Amino acid sequence: MGRPTWAEINLDALAHNLHVIRERAGAKVCVMAAVKANAYGHGAVECARRLEAEGTDWFGVALPEEGIELRRAGITRPILGLGGFWKGQEAACLEQRLTPVVYRLDMIESLDRAAREARAIADVHVKIDTGMGRLGVRADQVSEFAQSAKRFTNIRIDGLMTHLAAADDETKADFTNDQLLSFQNAVRIFRENGFAPKFIHAANSAATFAHARDGENLVRPGGTLYGFTRDVLPANVERPPLRPVMSLHSRIMLLKKVPRGEQLGYGCTFETKRDSLIATLPIGYDDGYRRALSNRGRVIVRGEFAPVVGRVSMDLTLVDVTEVAGASHNDEVILLGKAGKLSISAEEIGAMMKTISYEITCGISARVPRIYTSDQEGVM
Ligand SMILES: *Cc1c(COP(=O)(O)O)cnc(C)c1O
């Protein structure tokens with residue numbers, strides 16, 4: 001069995017979230033599940049398999065490498081490479097049926113060449129930068145880009161997309177609406193140039209729940225699939241009934257009585273204010289239980305909160321279980337997740353560290369095994 005530190009990924013919760021999102025998006029809108037970055041730390045292959053079985057239309061990955069991993073695992077639905085591709089990956093994109101996002105003409109050119117050699121037509125989605133300032137053809141260059149793209153005979157521009165910078169912030173609704181208008185204008189320009197893109201998409205999780213879709217027929221949720229709401233959706237949107245998918249667990253490996261007035265951990269940053277019962281946990285910042293949680297985080301043991309005391313170190317963390325009745329060696333500890341009425345969410349841990357839930361689950365390292373569970377059976 002080894003070290004008792006693990007993340008549980010509840011695939012029934014993931015499936016439930018997909019259905020909540022699908023209902024929200026409406027029957028005519030395709031759902032592209034963002035499973036980049038190992039499905040935000042949840043395990044891309046296992047999550048994609050379940051999502052595919054539940055009827056996800058598309059998958060979104062960041063790198064072609066991530067798409068190839070899904071193909072090798074048997075995923076057959078279309079995969080969009082959100083970050084495009086790098087030189088030398090054109091043939092792999094074609095062979096593995098990955099649809100790359102493109103935002104430079106030379107990408108289309110090199111993919112067109114590879115497609116001609118393979119006697120194939122390569123599908124791409126063109127990304128328009130309507131205000132994010134990151135990837136995409138600038139809105140003021142769309143006309144020129146569309147005209148130049150006409151000459152590539154082995155490319156099919158099958159989708160047009162943009163990405164919203166602040167759909168999660170209702171105070172920036174004007175900015176978001178400007179982005180959407182600019183995108184609609186870009187779509188019109190492509191159509192005027194004779195293109196007939198099938199997929200028109202702009203919405204991440206926040207926009208899926210907070211904004212109307214005008215002419216769009218696909219949404220690209222990520223965070224909401226994994227059950228994040230509080231730092232994903234604008235405050236003025238009613239919370240959909242999403243469920244967290246990941247929980248993080250460990251066990252007490254050593255328990256000791258420590259008299260009042262002793263210092264604990266690196267840097268002696270904590271001093272016991274009373275005779276205390278201190279538990280050592282086999283998890284640390286190398287696992288993604290971040291050092292910023294030193295003297296701040298809390299865990300759940302036997303249905304009670306227990307505070308992190310002293311510095312979180314690389315492999316070990318101390319918690320004060322003085323007030324946990326019956327605390328014992330080998331007790332299960334929940335660092336993220338629910339136990340009875342108590343819960344610790346990724347949003348809450350993120351807020352404590354001035355970041356977002358995404359960075360918390362993405363940060364749970366490969367050293368932590370992912371155990372896939374369901375509602376009925378517990379651990380599968
Ligand atoms: C990651 C990503 C998404 C998903 O965003 P969420 O906020 O997690 O819903 C959508 N679109 C693009 C282009 C992305 O990179």
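In listed order, ligands and their atoms are each counted from 1. Note that this is a predicted model, so its numbers are computed, not measured.
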Practice task
Give the single entry among His201, Arg134, His163 that approaches atom 12 (C) of ligand 1 most closely by any heavy atom.
Solution key: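 That would be His163.
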Determine, for [X] against [Y], whether the closest basic-nitrogen to carboxylate-oxygen distance falls under 4.0 angstrom.
| X | Y | value |
| --- | --- | --- |
| Lys28 | Glu216 | no |
| Arg50 | Glu46 | no |
| Glu262 | Lys256 | no |

Ligand-residue contact atoms, ligand 1 with [X], heavy atoms, under 4.0 Å:
| X | value |
| --- | --- |
| Pro221 | 9 (O) |
| Lys36 | 1 (C), 2 (C), 3 (C), 14 (C), 15 (O) |
| Ser205 | 6 (P), 9 (O) |
| Tyr40 | 1 (C), 4 (C), 5 (O), 6 (P), 8 (O) |

Problem - Six-ring centre of Tyr266, Arg311 cation under 6.0 angstrom, axis tolerance 45° - result: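 Here Arg311 fails the 6.0 Å and 45° test against Tyr266.
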Practice task
Would you verify whether the NZ or CZ of Lys87 falls within 45 degrees of the ring axis of Phe85 while also being under 6.0 Å from that six-membered ring's centre?
Solution key: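 Judged by the rule, Lys87 and Phe85 form no cation-pi pair.
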Problem - Contact partition for Leu82 relative to ligand 1, non-hydrogen atoms under 4.0 Å - result: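 Contact part for Leu82 vs ligand 1: side chain (C-beta onward).
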Practice task
Under 4.0 Å, heavy atoms only, figure out whether ligand 1 is touched by the backbone of Arg220, its side chain, both or neither.
Solution key: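 For Arg220, the contact with ligand 1 is made by both the backbone and the side chain.
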